[in-house]
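This report refers to the structure that appears directly beneath it.
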Amino acid sequence: MSEPVTDLQVTASSEGNVEAVSSNNSIASNKVEGDDMDLKAPEDPIHATGPLSQYFGVLSLCLMIAFGGFIFGWDTGTIGGFVSHEDFLRRFGSRHSDGTYYFSKVRTGLVVGIFNVGCAIGGLTLGRTGDMYGRKPGLMIVVVVYVIGIIISIASIDKWYQYFIGRIISGLGVGGIAVLSPTLIAETAPAHLRGTAVAFYQLLITGGIFLGYCTNYGTHHGYKDSTQWRVPLGLSFAWALFMIGGMLLVPESARFLVQKGRLEEAKVSLSKTNKATVDSPIVVREFDEIFAAVEAERAAGNASWGEIFSRKGAILKRTIMGVMIQSLQQLTGNNYFFYYGSTLFNSVGLDDGYEASIVIGIVNFASTFVALWTVERFGRRNCLLVGAATMAACFVIYASVGVTRLYIDGYDGPTSKGAGNCMIVFTCFYIFCFATTWAPLAYVIVSETYPLRIRGRAMGLSIGANWMWGFLISFFTPFITGAIHFAYGYVFFGCLIFMFFYVFFFVCETKGLTLEEVDEMYLEGVLPWKSTSWVPPSQRGVDYDASAAAHDDRPWYQRFK
């Protein structure tokens, strides 16, 4: 067993917190006040960066892990169209006195939104399989649960509640995927590419949404029987099998293996992800840092659910922040468009809402490629702040046009084509802003914020909050839009304004830091608006003032400068 490096020592604070403290303060700072330049010493193999081709192997592994996002996106892209398919309506809807079929607002909200409830429960329960059996086996288990739910749904004949039950069970599986995929990616990817690698998860979500829209369009126009919805559901099996097959090629998380005492396996895992031998400097150094961090956490005792609400080590602060970020991602209003895209664009005068949904899917998918670059180029905080501001501008224009210009002679009359086109344009602008900022970064933030010992539980709680808000929005949207129509956009506008201020005052910048360094930053109580200039202990120069990042005596309104 390799001995931990001597410049990392495990110490206990007076409050009982266990910290990994570095005694080497001779290396130059990696951040400069007001400038996000990397000045890490070249002899530090963990922070050294090489050409992108050097990381092709590990990024390919992260892309395989991220395929779980495609499964979620596929469901999001297909379910919104199912409620408009004639055969689906005839089998599971209600019947008017004139013989036409329809979905009531309650049934629509339940069929679309109950999936999110299953996801929330799955994230909190099945997400724990990664802590018990490993990240890889855990992902395989939750994919199998997803498949069971699909089987129940696709076998439904004319009982809507059978389809409903299948949705809940498949949601359990996707909820587990949403916790375990970003976790394994964050624990596998190099620190300077972690944001991009976790963003792969969102990229695959958008790819699934887009292909789901396209499949709905094809089956809606090509068939009139149950093929309309059973083919998209049947394809879910193919995605699940691909996910399981890909996981066979992915090494287990080295951090999990160290936590379980499987040290030699951890070194082998690190050698695979770094494309190096087990005794190479980068593998030895990374192993030693992980080993020191795990030993520090182990010295504090076994983790429990109660620990995620502990004030020690700023855990409660991080738990609240993760729950807020995941909740606010839903309150951006994205699923207002994704779940009800085809219905929404029919109301603005388009004859075929499925075509408009495909346009949204294309914009969403293409924009996420931009996010792979922006997340590491501009950092987490800047992207979240800009995203909130630009989405707020799009929503206020969208809602204002819908309320004042769309309807010519009342809500039951004809609509203005020009106003409808304007709303579609700003919907596309909104989707671009969302896909490049809040869509991937909500998962990036929570995947790198928590210490290893509570990461599974804290991420399950955070992402569970996302799913619950997703359910509330998908369930109540038909009722709200029926009552206030496009003024609903002002609700999301207000939420986005709140998000801007919340991010500024509560979300720290974690770009370029290892997971262990992120933990150190929170332990030092760094103020979020000063976190961009924070330097890890192992990288500080002799003149670095660690207390300056934790204090600010200026009034709150001057802190924006």
Side-chain angles (χ1 to χ4, degrees), residues 67-93 101-103 107-108 110-116 118-119 143-174 177 204-246 338-343 345-346 351-362 364-365 474:
F67 193 78
F70 186 93
I71 293 174
F72 168 43
W74 179 263
D75 181 271
T76 302
T78 54
I79 187 59
F82 284 2
V83 296
S84 298
H85 287 329
E86 295 91 336
D87 185 78
F88 197 82
L89 279 167
R90 180 180 61 81
R91 289 173 181 269
F92 306 116
Y101 292 92
Y102 72 100
F103 269 114
R107 193 170 297 184
T108 299
L110 286 175
V111 168
V112 174
I114 200 62
F115 180 81
N116 292 279
C119 290
V143 171
V144 170
V145 172
Y146 168 76
V147 168
I148 293 171
I150 293 298
I151 292 172
I152 295 172
S153 294
I154 204 170
S156 303
I157 303 299
D158 57 5
K159 300 296 186 293
W160 76 273
Y161 48 82
Q162 180 181 346
Y163 186 86
F164 176 85
I165 292 170
R167 291 276 292 163
I168 296 176
I169 295 175
S170 58
L172 292 173
V174 171
I177 291 171
L204 270 296
I205 290 177
T206 61
I209 292 174
F210 170 59
L211 289 182
Y213 284 157
C214 293
T215 304
N216 267 349
Y217 177 80
T219 58
H220 177 75
H221 291 281
Y223 303 93
K224 296 300 179 184
D225 56 11
S226 64
T227 304
Q228 288 182 323
W229 55 277
R230 282 198 167 113
V231 164
L233 272 181
L235 286 172
S236 301
F237 290 107
W239 315 140
L241 291 174
F242 185 88
M243 177 73 181
I244 292 174
F338 292 142
Y339 282 134
Y340 296 101
S342 57
T343 304
F345 287 114
N346 281 331
D351 295 331
D352 194 337
Y354 288 95
E355 293 179 355
S357 295
I358 291 176
V359 172
I360 288 180
I362 292 173
N364 189 33
F365 184 48
S474 59

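As the structure is a computational prediction, the values presented were derived from the model and not from experiment. Atoms considered below: every heavy atom in the structure, side chains included; atoms not considered: hydrogens, waters and symmetry mates. Numbers here are sequence positions counted from 1.
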Measure the shortest side-chain to side-chain distance between [X] and [Y] over non-hydrogen atoms and say whether it is less than 4.5 angstrom.
{"X": "Arg91", "Y": "Tyr163", "result": "no"}
{"X": "Val231", "Y": "Tyr223", "result": "no"}
{"X": "Ile177", "Y": "Ile71", "result": "yes"}
{"X": "Leu211", "Y": "Phe70", "result": "yes"}
{"X": "Arg167", "Y": "Asp75", "result": "yes"}

So, taking the atom named [atom1] in [X] and the one named [atom2] in [Y], what distance separates them when rounded to the nearest 0.5 Å?
{"X": "Trp229", "Y": "Thr219", "atom1": "CH2", "atom2": "OG1", "value": "11.5 Å"}
{"X": "Asp87", "Y": "Lys224", "atom1": "CG", "atom2": "NZ", "value": "10.5 Å"}
{"X": "Leu233", "Y": "Ile151", "atom1": "CG", "atom2": "CD1", "value": "11.5 Å"}
{"X": "Leu235", "Y": "Ile150", "atom1": "CG", "atom2": "CD1", "value": "10.5 Å"}
{"X": "Thr206", "Y": "Leu204", "atom1": "OG1", "atom2": "CG", "value": "7.5 Å"}
{"X": "Cys119", "Y": "Ile168", "atom1": "SG", "atom2": "CD1", "value": "11.0 Å"}

Identified ring-ring contact (aromatic ring centres under 6.0 Å, His included) partner of Phe67 from the options Trp74, Phe72, Phe242
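Testing Phe67 for a ring-ring contact (aromatic ring centres under 6.0 Å, His included) against Trp74, Phe72, Phe242 leaves exactly one candidate, Phe242.
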Residues, nucleotides or ligands: over 12 heavy atoms within 6.0 Å of Tyr161 OH
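At most 12 heavy atoms, drawn from other residues, nucleotides or ligands, come within 6.0 Å of this atom.
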Considering non-hydrogen atoms only, spot the tightest contact between [X] and [Y] and give its length.
{"X": "Gly68", "Y": "Met243", "value": "N-SD, 3.4 Å"}
{"X": "Leu110", "Y": "Trp160", "value": "CD1-CH2, 4.0 Å"}
{"X": "Pro232", "Y": "Thr78", "value": "CB-CG2, 3.9 Å"}
{"X": "Ala240", "Y": "Val147", "value": "CB-CG2, 3.4 Å"}

Got a sec, which residues hit side-chain hydrogen bond (donor to acceptor under 3.5 Å, both in side chains) with Arg230, two or more places apart in sequence or on another chain?
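Arg230 satisfies side-chain hydrogen bond (donor to acceptor under 3.5 Å, both in side chains) with Ser226 only.
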